[in-house]
Amino acid sequence: MVSAMKNLWRIFQSEFKNMMTDKGSMLVMVLGIFMYSLFYTIPFSTHILREVPLGVVDFDNSSFSREFIRNLDSNEFIKVTSEPIDIDAAKEEYYRDKIKSFIVIPKGFEKDILRGGHSFITSYEDSAFLIIYKQVATGIITTATSFGAKIEIGSLMKKGLSKQQAISMKLPFEFVDMPLYNPVSSYQNYLYPIVLILILQQTMLIGAGILGGTLKERLKGCKEWSKDGAVEVKSDKVNEFSDNPIEIVFGKSLAYTSIYTVYTLIYFLIPPAFLVYDMSYNIIPMILLFLPFLFATAFLGQLLVFFYTGRESSLMALVVTSVPLIFLPGFVWPTESIPFGLLVFSKFMPATPAINGLIKINQMGASFWQVQGDFWLLVGLCVLYFFLACLVVKRMQKKVK
């Protein structure tokens with residue numbers, strides 16, 4: 001037992017030193033951690049989109065249409081920045097990116113309303129940018145609804161009803177909209193914490209892959225550059241401190257998870273203070289969820305070494321697959337729309353249950369017992385990937401012999 005603990009400590013020290021001295025792993029696992037988190041704050045800095053530039057083509061040019069335009073301009077989501085003379089002019093301004101959308105008020109808008117009829121306003125919106133589309137659509141619909149209600153209440157008052165009676169008839173009940181967990185509809189609140197978990201997973205997988213790929217190169221024999229030029233390097237053992245795959249895999253994982261635990265605490269304790277995304281700071285449940293996540297990722301990183309031929313393999317494989325993997329946890333691509341096969345595959349990514357559990361704990365105020373399903377899934381992944389990583393080490397040992 002004492003010997004095993006000594007071996008684990010030596011393997012831990014050796015791998016930690018490799019992590020800090022290898023330029024590739026240090027670039028990803030140390031510098032990349034902070035650079036990624038910094039760069040990802042830039043697109044989320046304006047986390048609530050307001051005053052989207054809107055054009056209005058007013059063919060009616062009446063007091064009603066001008067009042068409607070003023071109401072549009074007062075909406076927090078949109079801002080009337082242009083009034084083109086016709087649809088062609090509005091299209092030209094849209095394609096020049098002067099406006100993001102435009103509406104058309106038809107001729108006879110006021111006359112139709114005063115006659116007690118209906119008038120139609122046409123809205124031209126680009127749904128390719130969902131965030132812009134949502135704000136524009138919400139602003140126009142909200143304005144049109146309130147404008148229509150005002151006109152109908154005025155019409156009822158002309159028929160002899162009091163103002164309160166007209167309001168009660170038009171609005172028999174009050175609708176109170178209270179968005180849960182993200183009350184300001186912030187893109188940053190929704191996406192940024194999830195991206196941080198993916199950064200932790202991908203950087204650890206790449207860094208562990210670089211170190212594992214370097215080991216495979218040295219076991220085969222390779223040339224490495226030093227101050228004195230190219231030097232032939234060949235290792236005759238997978239690990240100089242132990243031949244036990246369990247000790248090797250677990251000792252290396254301790255090195256990775258030790259520094260990534262610090263990153264986790266930095267990510268989820270410090271940024272919320274100045275990036276304005278909501279967190280409940282349930283520290284103990286968060287740590288209980290993150291520990292199996294980090295270990296599962298560390299074991300998976302050592303397992304994937306089986307597929308690498310050199311130190312650059314992990315970088316090429318995981319950087320290319322990082323973007324598709326963003327869609328699998330279910331926050332960009334809704335879980336209900338993901339094909340069953342891909343949904344099952346996503347459960348084998350440690351980030352998927354970690355994201356589900358963390359959002360419930362830190363954004364929704366869930367207790368640990370309410371996320372124990374995600375916790376046990378991560379524990380299961382730890383066991384699975386640990387066993388497979390040990391087999392990979394054993395296979396590498398056989399090849400050396």
Side-chain angles (χ1 to χ4, degrees), residues 39-115 117-154 170-171 175-179 182-192 195 274-278 332:
F39 287 138
Y40 272 109
T41 60
I42 297 173
F44 304 141
S45 57
T46 308
H47 55 105
I48 303 173
L49 186 62
R50 291 192 174 97
E51 295 190 345
V52 180
L54 177 77
V56 178
V57 181
D58 185 4
F59 286 130
D60 193 49
N61 196 25
S62 61
S63 60
F64 268 38
S65 66
R66 287 192 292 271
E67 183 182 355
F68 182 70
I69 293 171
R70 286 194 298 271
N71 289 349
L72 281 172
D73 193 46
S74 64
N75 190 282
E76 63 174 329
F77 294 130
I78 52 182
K79 182 176 179 61
V80 178
T81 59
S82 173
E83 294 188 34
I85 58 173
D86 55 27
I87 295 178
D88 289 335
K91 287 182 179 179
E92 186 177 351
E93 289 193 14
Y94 170 79
Y95 289 125
R96 289 183 178 180
D97 204 30
K98 291 183 177 180
I99 56 176
K100 297 296 183 182
S101 176
F102 64 91
I103 67 169
V104 177
I105 301 175
K107 190 171 182 60
F109 175 72
E110 182 181 58
K111 187 182 294 183
D112 292 337
I113 292 174
L114 291 176
R115 287 176 176 175
H118 296 282
S119 185
F120 297 92
I121 295 171
T122 308
S123 171
Y124 294 83
E125 304 164 27
D126 185 357
S127 60
F129 299 94
L130 292 179
I131 299 175
I132 297 176
Y133 169 77
K134 175 195 169 189
Q135 302 300 71
V136 171
T138 301
I140 293 174
I141 292 172
T142 302
T143 303
T145 302
S146 60
F147 188 77
K150 180 181 176 182
I151 292 172
E152 192 165 343
I153 290 170
K170 175 58 184 173
L171 304 170
F175 177 74
V176 180
D177 184 13
M178 296 180 65
N182 189 5
V184 295
S185 300
S186 166
Y187 191 57
Q188 189 180 79
N189 271 1
Y190 169 67
L191 201 56
Y192 190 66
V195 169
F274 60 89
L275 289 179
V276 202
Y277 63 84
D278 296 330
V332 174

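If you read the sequence from its start, that first residue is 1, and numbering goes on from there.
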Main-chain N/O of F109 paired to D60 side chain as donor or acceptor, under 3.5 Å
yes
Distance check, rounded to the nearest 0.5 Å: Y133 atom OH versus S123 atom OG?
8.0 Å
Considering residues at least two apart in sequence or located in another chain, which fulfil the salt bridge (charged side-chain N to carboxylate O under 4.0 Å, His left out) criterion with E92?
R96
Might you work through the side chain to side chain contact (heavy atoms under 4.5 Å, CB included) test for R66 and N61, ending with a clear yes or no?
CA-CA 7 Å; R66 287 192 292 271; N61 196 25; 3.2 Å; yes
Qualifying residues under ring pair (Phe, Tyr, Trp, His ring centres under 6.0 Å), relative to F59, sequence neighbours excluded:
none
Hey, are E110 and S63 close enough side-chain-wise for a donor-acceptor pair under 3.5 Å?
yes
Atom CG of N75 and atom CD of E51: how far apart are they, to the nearest 0.5 Å?
10.0 Å
Heavy-atom pair with the smallest gap, counting every atom of T81 and P53:
OG1-CB, 3.7 Å
Once rounded to the nearest 0.5 Å, what's the spacing between atom CD of Q135 and atom CG of L54?
13.0 Å
Taking the side chain as everything from C-beta on, heavy atoms only, tell me whether L72 gets closer than 4.5 Å to I78.
yes
Value for OG1 (T138) from CD (E76), rounded to nearest 0.5 Å, stands at 10.0 Å
Could you go step by step and tell me if Y124 and T122 meet the side chain to side chain contact (heavy atoms under 4.5 Å, CB included) rule?
CA-CA 7 Å; Y124 294 83; T122 308; 3.5 Å; yes
Side chain proximity check, V52 to F77, heavy atoms < 4.5 angstrom:
no
Look up atom CZ in F102 and atom CD in E125, then write down how far apart they are to the nearest 0.5 Å.
10.5 Å
Would you call I103 and V57 a side-chain contact if the rule is heavy atoms closer than 4.5 Å?
no
Are I87 and V104 close enough that some pair of their side-chain heavy atoms sits under 4.5 Å apart?
yes
At what distance, to the nearest 0.5 angstrom, does OG of S74 lie from CD1 of I69?
12.0 Å
Kindly say whether G55 contributes a backbone atom to a donor-acceptor pair with the side chain of S82 at under 3.5 angstrom?
no
E83: which residues meet the salt bridge (charged side-chain N to carboxylate O under 4.0 Å, His left out) condition with it, sequence neighbours left out?
none
Donor-acceptor pair, D73 side chain versus K79 backbone, under 3.5 Å?
no
I'd like to know if the side chain of S65 pairs up with that of D58 as donor and acceptor (distance under 3.5 Å, no hydrogens or angles considered).
yes
